[in-house]
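Residue numbers begin at 1 in each chain, while the letters A, B, ... track the order of the sequences.
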2 protein chains.
Amino acid sequence: MDKTTVKVTRSILKGAPEPTLRRLPLYYRLLKQLRETTGRTGISCTVIGSELKLDATQVRKDIEMTGTVGRPKVGYEINELISAIERFLGWDKITEAFLVGAGNLGEALMGYPGFTDCGLSIVAAFDVDPNKCHRVIHGKHVRHISKLTGLMRRMRVQFGIITVPGEHAQQAADLLVEGGAMAIWNFAPVKIHVPENVIVTNEDLYCSLAVLSQKMTRRLAETRSKGAVKS
Amino acid sequence: MDKTTVKVTRSILKGAPEPTLRRLPLYYRLLKQLRETTGRTGISCTVIGSELKLDATQVRKDIEMTGTVGRPKVGYEINELISAIERFLGWDKITEAFLVGAGNLGEALMGYPGFTDCGLSIVAAFDVDPNKCHRVIHGKHVRHISKLTGLMRRMRVQFGIITVPGEHAQQAADLLVEGGAMAIWNFAPVKIHVPENVIVTNEDLYCSLAVLSQKMTRRLAETRSKGAVKS
DNA sequence: AACTAATAGAGAATTTATTCTCGATATTTA
DNA sequence: TAAATATCGAGAATAAATTCTCTATTAGTT
């Protein structure tokens, strides 16, 4: 068993570091785009790095996690790399999802292009508001929330997306858990409590905003002091 | 100049580490909630940590960045801590923003509760589609995109939010830059190119999805092998 | 007033992530 | 064919983030 195998095995056992996981989609998108727009079949870390303004070694280590091997002087096969990323992230298999909260955000997600590439298929949406129910948005039915648990069990859907207002997020989570959810993608800006075996990822806008806000604040402080402070 | 002062100064000069910045809003939310629902005035890192399932020392170091000092055996003043976080992130000052793309996602953001707490005020939205213009959503006017640059300069708005489909994101960014944007919050899943002095933060759903997808994939692999593989 | 328990704060130790360096290899060019 | 060059892959070095350990301080308790 060579070194690469060891690393790949570890990546499967312990999972890739989160920073790596968050960069893989960037490579994925770039690769797909290159495949579409240009005719090239190979790519090197150097090029990927300069396109995305990342260190080439970092790109190489990330790619290593997916198990793809390259060739000196040439780089990687674009097609092979794309497949490897899909396989590594589980984007090669279809995951069906229920969405709770058919408001604007929910509707936006239902029409989100490219989720298909990630194997994510939102099969139905649910809402408490009867006015929002019985509609069809982007080809998906919106049903009353009371139907969620039953349908979820029956259809064996294991993935839930929460796009309800914060104050109802916990209820939504409870229903999804009752329906047998294995994972929940929570867009509400609240911490939801679920059993330990349920995976939760929060999409918290305020966390990103904080990063941006502080950068702006520091930039403003710099310009105010006429560039005296260098970072 | 004591040690704390040194650290705070550094946090102003170099900025806090991103992981810290992303955790501060979690504390902020918890503190606000505690202030509203309970009558307590003080809080310790231990409590914050156990509430949010974070290490107490980590919480303490994060708080240290904001310049707040606590008292042994007691902890921190909730009010003081809230203000310190607001000040540190720049959430104590109002930032006016223009939003480009009045689709579902844009509409969702316009109605997002709590942006006010972060000092973020979306003052107007813009769209190419004439059908979407001249409406008022959540009290904000939607205007035609052709008006963006002029209005932005006139009103001295320096913050832009992009919620257009990926294929138009670059155009939107160009307009915002032309209008004098200092910072852009990009919700389109594409890399936008802007001058170096413009701050960009991407809200890329695919990056989060990648983290979640891989966790699910690994979980499925574990259960398939009947728990033989432990992480 | 002494004792106990809880906590902040400082600094060390550890872990994790990123970047650098070098050798091996494949491709292209002279 | 030989030389030059770009790249991967491995490992070392560095940097960043997290966690641990200890001390001093404060509030409550006996």
Side-chain angles (χ1 to χ4, degrees), chain A residues 1-11 13-24 26-27 40-78 80-81 84 207 211 231, chain B residues 1-11 13-24 26-27 40-78 80-81 84 207 211 231:
Chain A
M1 197 156 87
D2 67 340
K3 294 287 176 52
T4 305
T5 314
V6 171
K7 281 200 185 168
V8 173
T9 306
R10 176 174 315 149
S11 79
L13 291 179
K14 305 198 4 177
E18 193 166 316
T20 293
L21 290 173
R22 300 190 75 91
R23 281 188 299 265
L24 287 175
L26 307 181
Y27 309 152
R40 60 192 304 174
T41 57
I43 185 108
S44 74
C45 293
T46 321
V47 175
I48 296 178
S50 71
E51 282 293 322
L52 302 175
K53 303 221 171 98
L54 295 171
D55 184 87
T57 310
Q58 186 171 63
V59 175
R60 194 171 300 125
K61 292 233 192 278
D62 288 341
I63 288 175
E64 200 170 29
M65 294 297 281
T66 70
T68 315
V69 291
R71 280 163 49 203
K73 176 84 182 186
V74 183
Y76 305 88
E77 276 290 327
I78 290 186
E80 194 185 330
L81 198 40
C207 297
V211 179
S231 66
Chain B
M1 196 153 90
D2 67 341
K3 294 287 175 50
T4 305
T5 314
V6 172
K7 282 199 185 168
V8 172
T9 306
R10 177 175 314 151
S11 79
L13 291 179
K14 304 198 6 177
E18 193 167 316
T20 294
L21 290 173
R22 298 189 75 92
R23 282 188 298 264
L24 287 175
L26 307 181
Y27 308 152
R40 59 191 305 174
T41 57
I43 186 110
S44 73
C45 293
T46 321
V47 175
I48 296 178
S50 72
E51 282 293 323
L52 301 175
K53 303 222 171 100
L54 296 170
D55 183 86
T57 308
Q58 186 171 63
V59 175
R60 194 171 298 126
K61 293 231 191 280
D62 288 342
I63 288 176
E64 200 171 26
M65 295 296 281
T66 69
T68 315
V69 290
R71 281 165 47 206
K73 177 82 183 188
V74 183
Y76 305 88
E77 276 290 325
I78 290 185
E80 195 185 328
L81 198 41
C207 297
V211 179
S231 66

Distance in angstrom units between E64(B) CD and dA17(D) P, rounded: 15 Å
Criterion side-chain contact (heavy atoms from CB on, under 4.5 Å) on S44(B) and V74(B), from CA distance to verdict: CA-CA 7 Å; S44(B) 73; V74(B) 183; over 6 Å; no
List for me each residue that meets side chain to side chain contact (heavy atoms under 4.5 Å, CB included) alongside P19(A), sequence neighbours excluded, and say none if there are none. P17(A), R23(A)
Tell me: CE of M65(A) to P of dC8(D), nearest whole Å? 18 Å
For residues 48-56 of chain B, tabulate all N or O donor-acceptor pairs below 3.5 Å that involve a side-chain atom, not counting sequence neighbours.
from: S50(B); atom 1: OG; to: V47(B); atom 2: O; distance (Å): 3.1
from: D55(B); atom 1: OD2; to: T57(B); atom 2: N; distance (Å): 2.9
from: D55(B); atom 1: OD2; to: T57(B); atom 2: OG1; distance (Å): 3.3
from: D55(B); atom 1: OD2; to: Q58(B); atom 2: N; distance (Å): 3.3

Looking at residues at least two apart in the chain, or sitting in another chain, which of them share a side-chain hydrogen bond (donor to acceptor under 3.5 Å, both in side chains) with T20(A)? D62(A)
Give R71(B) one of three labels, base, sugar-phosphate or nothing, depending on what nucleic acid heavy atoms sit under 4.0 Å from its own. sugar-phosphate
I'd like a list of close polar pairs between nucleotides 1-6 of chain D and the protein, N/O only, cut-off under 3.5 Å.
from: dT5(D); atom 1: O2; to: K73(A); atom 2: NZ; distance (Å): 3.2
from: dA6(D); atom 1: O4'; to: K73(A); atom 2: NZ; distance (Å): 3.3

For nucleotides 14-20 of chain C, give me every protein contact, N/O to N/O, under 3.5 Å, one pair per line with atom names.
from: dT18(C); atom 1: OP1; to: R23(A); atom 2: NH1; distance (Å): 3.0
from: dT18(C); atom 1: OP1; to: Q58(A); atom 2: NE2; distance (Å): 3.3
from: dT18(C); atom 1: OP2; to: R23(A); atom 2: NH2; distance (Å): 3.0
from: dT18(C); atom 1: O5'; to: Q58(A); atom 2: NE2; distance (Å): 3.1

Provide, to the nearest angstrom, the distance between the CZ atom belonging to R60(A) and the P atom belonging to dC22(C). 15 Å
Show your working on side-chain contact (heavy atoms from CB on, under 4.5 Å) between T41(A) and I78(A) and close with a plain yes or no. CA-CA 5 Å; T41(A) 57; I78(A) 290 186; 5.7 Å; no
Can you tell me how far the CZ atom of R60(A) sits from the SG atom of C45(A), to the nearest 0.5 Å? 4.5 Å
Under a 4.5 Å cut-off applied to non-hydrogen side-chain atoms, are Y76(B) and I63(B) in contact? yes
